Amino acid sequence: MATPLAIVAYLALFAVVGFVFLFANLLVGWLVRPHAPNEEKLEVYECGEPTIGSSFVQFDLRFYVVALLFIIFDVEVAFFFPWATVFGKATQLSADNTPVLAAEMDSSAPPDQLSSVAVARLRELGILDTSVPTLSDETATQFGVSNNQVARGSVAIRQTARQLAIASFADIATFFGVLLVGFAYVWKRGDLDWVRAVVRQPAQPAHRSPPVRAIEPSASILSA
């Protein structure tokens, strides 16, 4: 198991390599790219649309919506690392070619002792209990290992690891389902449409002015 100092060293190495890689690419690009400025290249570029008017004018809110969706689907990649760790190690323990008991490699070892590989994987998953789980008689009969204690322990560990792998897969499927529901909701609302359709309003009848009442001769100001 890696020590805290080794983890910090790995993180520092990752940061240094990323910085050097980025700086080297920027330097190479600055040295080899052509330099031919013109009026069109020096114009302000904003979301693929030509700028009109002052820069203080607020543009359409849909630009922010698309940007937020991109960030959401981009940041979700970070959640793959812990899930992939759990799923990968559980799948490795459930594989038939992985020795999970010490007796599978050394016949003189106790039948209830886990192998070094199984102990390391369980510790990496945060499981400190290294005892062999109990296998039910029905499951032992189903796998044909009723009278073999080592085989029973091996099947019990692999079944437990397989259940953990299935649970982790259901967890990431639920995560993706929630994201897809949110994406479908935003899509249905039309927030992803670059140009929204204009809903035509029904024509309103023209306002009719009240009829002009004729002035009686007695009420006329011109009457004598």
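In this chain, residues are counted from 1 in sequence order. All of these numbers come straight from a predicted model, not from anything done at the bench.
The hydrophobic cluster containing Met105, built from Ile/Leu/Val/Met/Phe/Trp/Tyr side-chain heavy atoms closer than 4.5 Å, comprises no other residue.
A side-chain contact (heavy atoms from CB on, under 4.5 Å) with Val155 is found for one member of Thr160, Val150, Leu135, Asn148 and no other, namely Leu135.
Remark: Asp137 engages Arg152 in a salt bridge (Lys or Arg N to Asp or Glu O under 4.0 Å) (not counting sequence neighbours). The side chain to side chain contact (heavy atoms under 4.5 Å, CB included) test applied to Phe176 returns Glu76, Phe80, Ile172, not counting sequence neighbours. Residues satisfying the side chain to side chain contact (heavy atoms under 4.5 Å, CB included) criterion with Thr85, sequence neighbours excluded, are Lys89. For Leu164, the side chain to side chain contact (heavy atoms under 4.5 Å, CB included) test picks out Val86, Ala90, Leu125, with sequence neighbours left out.
Atom CG of Leu5 sits about 10.5 Å away from atom OH of Tyr10, to the nearest 0.5 Å. Remark: Thr174 OG1 to Leu179 CG distance equals 11.0 Å, nearest 0.5 Å. Rounding to the nearest 0.5 angstrom, the gap separating the CG atom in Leu27 from the CG atom in Leu22 is 11.0 Å.
Within 6.0 Å of the CG atom in Asn147, the count of heavy atoms belonging to other residues, nucleotides or ligands does not exceed 12. Heavy atoms from other residues, nucleotides or ligands lying under 6.0 Å from CH2 of Trp83 number more than 12. At most 12 heavy atoms of other shown residues, nucleotides or ligands fall within 6.0 angstrom of atom CZ in Phe169.
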Donor-acceptor contacts under 3.5 Å from residues 112-121 side chains, at least two apart:
| unit_1 | atom_1 | unit_2 | atom_2 | d |
| --- | --- | --- | --- | --- |
| Ser115 | OG | Pro99 | O | 2.5 |
| Ser115 | OG | Val100 | O | 3.4 |
| Ser115 | OG | Ala118 | N | 3.3 |
| Arg121 | NE | Gln92 | OE1 | 2.8 |

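The minimum heavy-atom distance linking Pro111 with Ala103 is given by the pair CA-CB, 4.4 Å. Nearest heavy-atom pair, Ser168 versus Phe87, reported as atom, atom and distance to 0.1 Å: OG-CD1, 3.3 Å. Between Pro133 and Ala156, the closest heavy-atom pair is O-CB, 3.4 Å.
Distance alone, capped at 3.5 Å, places no donor-acceptor pair between the Asp171 side chain and the Ala167 backbone. A distance-only check finds a donor-acceptor pair linking the side chain of Arg158 to the backbone of Ala95 [under 3.5 Å].
At a cut-off of 3.5 Å, with distance as the only test, a side-chain donor of Glu104 or Ser154 sits close to an acceptor on the other residue.
Here the side chains of Leu122 and Leu93 are in contact, with some heavy-atom distance below 4.5 Å.
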